Every structure is written in C-alpha cells, then in structure tokens.
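Structure first, commentary second.
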Protein chains: 2
Amino acid sequence: MNKNIKKDICVLDFAFQRIGGKYKGRILWALSKHTVMRYGELSREISDISTKMLTQTLRELEMDNLIHREMYPQVPPKVEYSLTKTGKELIPFIKYLVDWGYKKMAEENEN
Amino acid sequence: MNKNIKKDICVLDFAFQRIGGKYKGRILWALSKHTVMRYGELSREISDISTKMLTQTLRELEMDNLIHREMYPQVPPKVEYSLTKTGKELIPFIKYLVDWGYKKMAEENEN
DNA sequence: CAGCATCCTCACAGATACTG
DNA sequence: CAGTATCTGTGAGGATGCTG
C-alpha cells in the first residue's frame, strides 16, 4: 500500500529526470513539430539557449534514447536530430501540458 | 508558424513551473491517492523531504490553485490538504508519466 | 556548422534548531 | 501538530571565447 506509492514516486523521479530541466520539453516539442532538425535550427528555435546547454541537453536526451543523432561526415559538418520511438511516446504527454497551459493562461487572463 | 512554436514553448514553461521542481509531482500524486492528507501524513509519505521544502512547495501549489488548504483552528493544530479541480486536471498527466516510467524501467532491466 | 572549454553565479534545496 | 527561521552548499544554467 504505502510501498506502492513510494515505488510510484521513485518511478516519477525516473520520468522527470528524462523530461525535466529547462530545455528537454522544448527540444522534444520542437522536434515533434519539425520531424528532423539541424543543430543550428534548434539553436534558433529554442531562443536564448547557449551552445553549452543545447549540446549538453541533446547529449542527455540521446543517452536516454529519446532522440537520434545523425552525423554526416562532411565539411562543413551537418548533424540532424530526430525523435526516437521512445521519444515520440512522450509527445502526447507534452501536448497535454501545452493544452492545459493554454487553457489555464486564458482563465487567468479573464480575472 | 515559428511564432506558434515559440508561443507553445512559453506555455510549456508556464506548465512546467507549476508541476516542475523536485516535489510537486510527488505531492500531487500522493494527494490523488489519498484524497485528503494532513501535513504530517505528507511528511511521512514523501520520504526525506524537509519541513522547509514541504511547507514551501505546499504554499506554491496553493498559490497556483492546484491544492486546497483547510485549517482547523484547534490545539494541537490540524491542517488538511486536498486537490482542487485544477489540480485534479494534472493527475492524468502524472499518471501517464508513471505508466511510461514503469514501462521504460522494465525495458531497461531486460538488457 | 556544430560544437568544446572555462569560468562564474545564484536559486533550489539540505540541515538544524526553535515555537504557538 | 504544523509549521518558522537561519545558515549553508551544490549543481543547473549563463557568458564568453575558441576550433576542426
């Protein structure tokens, strides 16, 4: 009984580690809209992200198998990012949040 | 086109501010399981949370109208917390994450 | 173009002690 | 019981400059 909730909370942590942080949701959402994006495109789309945070976050998402990184060995370099199957599983969840956010922001502006 | 994504991302931020952080998801989830909980119950359920973080997080959730705080003026004090209508709207979302987390953790253990 | 390397800051969070 | 008050610290994130 209690154990189940503690287990749930542990699992919730596991999940939040994968989509939490300042940029993970944004990146996944942008990729879901554009299907495939280059590093520079992401950099422009996710405004005000530093290269450090963009690279770091992309690496984490790749480690967690949420995005795929395709590198083309050419000069100048070209790298494309896209959602993996697992990454796509998180889109409905983000969509839920976006829809909820729009609704709540609208409600707050009524008052 | 681009504007819509930027707007989405702004909204995503709005939403993440409300359910992000280390304890908000846990507290909402615990409240959804127990319906009504006292301060001490939450403290025991959310293991290793300090009184400072528990109080602070509860206040934030209350400010955002996700939980309701009912105080009984008696000695010793009794305070009960429960989800508001808006708070309940976030439960399907958290459930999605919990389910996804269980699935992914199981998959990772297979390898 | 797609990063890497450094240095730095501050907000989130932890620890501890106390109270109406 | 349900908090408040205070001090401390760690790491996520920011700023800047450089490179194959």
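Here the structure is a predicted model, which is why all the values come from computation and not from measurement. By convention in this document, chain letters (A, B, ...) are assigned in the order of the sequence lines, proteins followed by strands, and residues within each chain are numbered from 1. Just the heavy atoms: all of them, side chains too, but no hydrogens, waters or symmetry mates, feed the values below.
- In this structure Arg44(B) satisfies the side-chain hydrogen bond (donor to acceptor under 3.5 Å, both in side chains) test with no other residue, sequence neighbours excluded.
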Without placing hydrogens or testing angles, list every side-chain donor-acceptor pair under 3.5 Å for residues 46-55 of chain A, not counting sequence neighbours.
| residue | atom | partner | partner atom | Å |
| --- | --- | --- | --- | --- |
| Ser50(A) | OG | Met53(A) | N | 3.2 |
| Thr55(A) | OG1 | Tyr39(A) | OH | 2.9 |
| Thr55(A) | OG1 | Thr51(A) | O | 2.9 |

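- With sequence neighbours left out, the side-chain contact (heavy atoms from CB on, under 4.5 Å) criterion links Asn65(B) to Thr84(B), Thr86(B).
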List, one per line, each side-chain donor-acceptor pair under 3.5 Å for residues 9-19 of chain A, sequence neighbours excluded.
| residue | atom | partner | partner atom | Å |
| --- | --- | --- | --- | --- |
| Asp13(A) | OD1 | Arg26(B) | NH2 | 3.1 |
| Asp13(A) | OD2 | Arg26(B) | NH2 | 2.6 |
| Arg18(A) | NE | Phe14(A) | O | 3.0 |
| Arg18(A) | NH1 | Glu108(B) | OE2 | 3.4 |

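- Distance check, rounded to the nearest 0.5 Å: CG of Leu28(B) to CG of Leu90(B) gives 6.5 Å.
- For the pair Ile67(A)/Ser82(A), no side-chain contact is recorded, criterion being any heavy-atom separation below 4.5 Å from C-beta on.
- When atom types are taken as modelled, the side chain of Lys6(B) and the backbone of Glu45(A) share a donor-acceptor pair closer than 3.5 angstrom.
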Kindly determine whether Lys103(A) and Asp99(A) satisfy salt bridge (charged side-chain N to carboxylate O under 4.0 Å, His left out), including the steps that lead there. CA-CA 6 Å; Lys103(A) 199 176 127 205; Asp99(A) 291 344; over 6 Å; no
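- Considering only heavy atoms from C-beta on, Leu31(A) stays 4.5 Å or farther from Val36(A) through its side chain.
- Near-neighbour residues of DNA chain C inside residues 48-63 of chain A, defined by a heavy atom below 4.0 Å, number-ordered: Thr51(A), Lys52(A), Thr55(A), Arg59(A).
- Within the 4.5 Å cutoff, side-chain heavy atoms of Ser32(A) are placed close to those of Leu83(A).
- In 5' to 3' order, the nucleotides of DNA chain C bounding all contacts with chain B (an atom under 4.0 Å from a heavy atom) are dA13(C) to dG20(C).
- With sequence neighbours excluded, no residue forms a side-chain hydrogen bond (donor to acceptor under 3.5 Å, both in side chains) with Lys33(A).
- The overall bend of the helix from dC1(C)-dG20(D) to dG20(C)-dC1(D), read as the angle between its terminal helix axes built from five base pairs each, is 60° when rounded to 10 degrees.
- In 5' to 3' order, the nucleotides of DNA chain D bounding all contacts with chain B (an atom under 4.0 Å from a heavy atom) are dC1(D) to dT6(D).
- Taking a 4.0 Å limit (strictly below) on heavy-atom distances, residues 73-81 of chain B reaches DNA chain D at Pro76(B), Pro77(B), Lys78(B), Val79(B), Tyr81(B).
- Listed by first then second residue, pairs satisfying ring-ring contact (aromatic ring centres under 6.0 Å, His included) with a partner in residues 83-111 of chain A read Phe93(A)-Phe93(B), not counting sequence neighbours.
- Electrostatic pairing of Lys104(A) and Glu107(A) counts as a salt bridge here, judged by a charged N lying under 4.0 Å from a carboxylate O.
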All N/O donor-acceptor pairs, side-chain side in residues 68-76 of chain A, below 3.5 Å, sequence neighbours left out:
| residue | atom | partner | partner atom | Å |
| --- | --- | --- | --- | --- |
| His68(A) | NE2 | Glu70(A) | OE1 | 2.7 |
| Arg69(A) | NE | Tyr81(A) | OH | 3.2 |
| Tyr72(A) | OH | Glu80(A) | OE1 | 2.9 |

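- Of all non-hydrogen atoms in Met37(B) and His34(B), the two that sit nearest each other are CG-CB, 3.4 Å.
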